[in-house]
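Reading through the structure tokens given below for one structure.
The figures that follow rest on heavy atoms only: side chains count, while hydrogens, waters and symmetry mates do not. Small disclaimer: the values here were computed from a predicted structure and weren't measured.
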Amino acid sequence: MELNKYSKHVTSDPNQPAAQAMLHAIGLDTEDLKKPQVGIASMGWEGNPCNMHLNGLAEHIKAGVNQQDLIGLIFHTIGVSDGISMGTAGMRFSLPSRDVIADSIETVMSAQWYDAVVAVVGCDKNMPGAMMALGRLNRPGIVFFGGTIGPGCHAGQDLTIISTFEALGEHIAGNIDKAELGKIIKKACPGPGACGGMYTANTMASAIEAMGMALPYNSSNPAVSNNKQIESERVGSAIDHLIRKDIKPRDIVTKVAMENAFKLVTVLGGSTNAVLHFLAIAKAYNIDWGLRDFQKITDSTPFLADLKPSGKYVMQDLHNVGGVPAVMKLLLEEGIIDGSCLSVTGKTIAENLGQVQPLSNDQKVIYPVAEPIKESGHLQILFGNLAEKGAVAKITGKEGVKFTGPAQVFDSEVATNEAIQARKINAGSVIVIRHSGPKGAPGMPEMLKPTGLLMGAGLGDKVALITDGRFSGGTHGFVVGHVSPEAYEGGMIGLLEDGDVITIDAAENSINVDLSEAEITRRRANYKKPKGVPLTGFLKKYRHVVSSASEGCITDGDY
């Protein structure tokens with residue numbers, strides 16, 4: 001079998017002398033041109049702790065690849081730091097960056113004819129972007145997550161990036177002074193690695209490992225650890241095996257594999273963003289997957305992890321008691337996941353887990369299946385006259401399952417934040433943030449700042465919040481996002497007025513506003529589509545091509 005079945009188009013074709021001359025220029029000799037070429041796509045950049053160490057890991061991975069008589073070639077793509085852009089107009093670029101990442105990996109791999117790919121990822125959109133590209137390419141590939149950050153610590157309490165937003169809310173409420181706030185800000189992020197709770201980066205890294213597209217322990221090995229270093233050196237032999245056996249991403253990522261992954265997301269209390277990203281990944285792998293697939297899993301899968309944002313522990317604590325493989329071993333033994341799926345080791349999930357030690361007997365991070373935090377999942381898909389095409393609620397059980405209250409309507413996140421800081425939010429209300437959807441913002445920014453401020457101000461358990469935008473994995477409270485159709489597309493959320501009574505019922509999976517059909521018809525007839533912010537360049541293009549949140553905000557579909 002030809003191992004260089006893609007690269008041979010430029011390395012062996014006598015009609016491609018210029019290509020061969022250029023490859024000689026980078027140091028390859030004639031024998032090297034016969035070897036498979038592995039593109040190593042690093043999302044490393046200096047401006048973000050999640051990504052600051054990835055270029056170094058990419059170099060270690062390249063060394064391991066070259067030891068296998070393969071040619072490792074590093075290239076780069078972009079990243080966006082959600083934590084830095086959060087609460088600003090820059091956040092509109094966050095979700096779109098996922099598709100830039102997918103497009104750029106696909107572009108380089110296809111243009112350069114690389115035979116396999118290792119994607120070295122760190123922050124939230126890196127993981128799904130890489131997975132989308134690997135599905136489109138369907139060449140041997142591995143996703144390598146750079147690992148979680150360690151927790152910060154202040155006054156004996158673990159800190160994460162979310163602690164800073166909540167501390168700001170506490171400062172505004174008068175509970176802590178400016179000096180205390182400054183100490184929390186300085187201590188929250190102690191070094192390299194992705195944000196430490198079960199936020200979007202750790203959610204998607206865990207899901208990708210459960211899908212079989214990452215090596216065992218990849219998602220839970222901390223960024224600053226010998227384990228991460230050793231793991232990076234193992235990638236070369238793994239990608240060599242995939243090339244020799246011609247095992248491709250679509251052989252690994254099946255519907256059953258995706259079901260395994262979302263079951264793990266449910267057990268771990270993962271981010272609402274997983275819904276958007278699973279929908280986009282499914283399309284890249286040609287898998288039939290929709291909103292009701294999520295609900296089917298969440299109805300039958302328990303929520304077990306006492307992890308931040310709603311719980312006590314961080315990802316490094318999970319690593320210390322056995323990591324994601326130990327959790328998967330528990331789920332396999334309980335019959336929750338299917339062990340027959342293939343993985344990038346060339347073995348099945350069950351074979352991989354056969355070598356794994358179970359969760360520590362005295363650990364408190366993962367509850368027993370027989371004594372769950374919540375018997376069903378925390379992510380609920382809601383439908384109703386307020387979300388005819390669906391919405392995603394994050395209900396851990398600590399907030400209750402039903403909320404009814406009058407609407408306080410805001411046309412932007414900025415206006416909402418100003419109202420919270422001015423103490424104009426009423427307990428018992430349903431806060432509505434609209435014009436924040438994929439087209440309306442555009443870019444569907446995350447509402448972490450307002451939810452963090454609400455928590456810090458002591459209103460987290462006294463209000464609900466709904467939006468056609470989305471939430472950070474760090475968000476907790478009674479929140480509903482991804483409301484579709486969005487306001488920009490004439491959805492009901494765009495017709496709401498202050499005082500409208502809204503009911504969110506996670507037991508019945510419904511979200512409705514108490515208005516007559518006649519009143520809805522009257523408002524719809526008077527509705528004028530907002531012009532939105534003036535746009536040029538990338539976001540203007542994104543508004544024209546992006547699909548709804550209910551379809552995963554994809555940019556390459558037929559709609």
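Using a 4.0 Å cut-off between charged nitrogen and carboxylate oxygen, D177 and K183 do not count as a salt-bridge pair. No salt bridge links K424 with E418; every basic N to acidic carboxylate O contact stays at or beyond 4.0 Å. The residues K125 and D99 are annotated as not salt-bridged, no charged nitrogen and carboxylate oxygen being separated by less than 4.0 angstrom. Of the charged side-chain nitrogens involved, none lies within less than 4.0 Å of a carboxylate oxygen, so that D103 and R98 do not count as a salt-bridged pair.
Atom NZ of K187 sits in a crowded spot, with more than 12 heavy atoms from other residues, nucleotides or ligands closer than 6.0 Å. Around NZ of K462, the count of heavy atoms belonging to other residues, nucleotides or ligands within 6.0 Å exceeds 12.
Without hydrogens or angle criteria, T88 side chain to G90 main chain gives a donor-acceptor distance under 3.5 Å. Counting only distance, with no hydrogens or angles, the side chain of R423 and the backbone of I172 share a donor-acceptor pair below 3.5 Å. No donor-acceptor distance shorter than 3.5 angstrom exists from the side chain of N221 to the backbone of N218, with no hydrogens or angles considered. Using modelled atom types, one side-chain atom of T301 and one backbone atom of I297 make a donor-acceptor pair closer than 3.5 Å. The main-chain N or O of S219 is found under 3.5 Å from a side-chain atom of E209 such that the two form a donor-acceptor pair. Side-chain N or O atoms of Q295 include one that pairs as donor or acceptor with a backbone N or O of I381 at under 3.5 Å. At distances below 3.5 Å, not a single donor-acceptor pair connects side-chain atoms of T148 with backbone N or O atoms of P222. For the pair D468 (side chain) and A487 (backbone), a donor-acceptor distance under 3.5 Å is present. A donor-acceptor contact shorter than 3.5 Å is absent between the side chain of N202 and the backbone of M315.
Between the side chains of K449 and T451, no donor-acceptor pair of N or O atoms lies under 3.5 Å. No side-chain donor-acceptor contact under 3.5 Å links S510 and D505. When only modelled atom types and interatomic distance are considered, H435 and E486 share no side-chain donor-acceptor pair under 3.5 Å. Counted by atom type alone, N126 and N51 present one or more donor-acceptor pairs between their side chains at under 3.5 Å.
A cation-pi arrangement is not found for K308 relative to Y313, the charged atom failing to lie both closer than 6.0 Å to the ring centre and inside a 45° cone about the ring normal. Cation-pi geometry between K439 and Y542 is not met at under 6.0 angstrom from the ring centre and within 45 degrees of the axis. Taking the centre and axis of the six-membered ring of Y488, the NZ or CZ atom of R543 falls inside the cone set by 45° and 6.0 Å. For the pair R292 and F383, the cation sits on the ring face: its NZ or CZ lies under 6.0 Å from the ring centre, inside 45° of the axis.
Tested against F144 for a side-chain contact (heavy atoms from CB on, under 4.5 Å), the candidates I208, L54, L57, V121 yield a single pass: L57. When each of S85, S472, S436, S271 is tested with E446 by the rule side-chain contact (heavy atoms from CB on, under 4.5 Å), just one qualifies, namely S472.
The aromatic rings of W289 and F278 lie tilted to each other, with the angle between the two planes from 30° to 60°.
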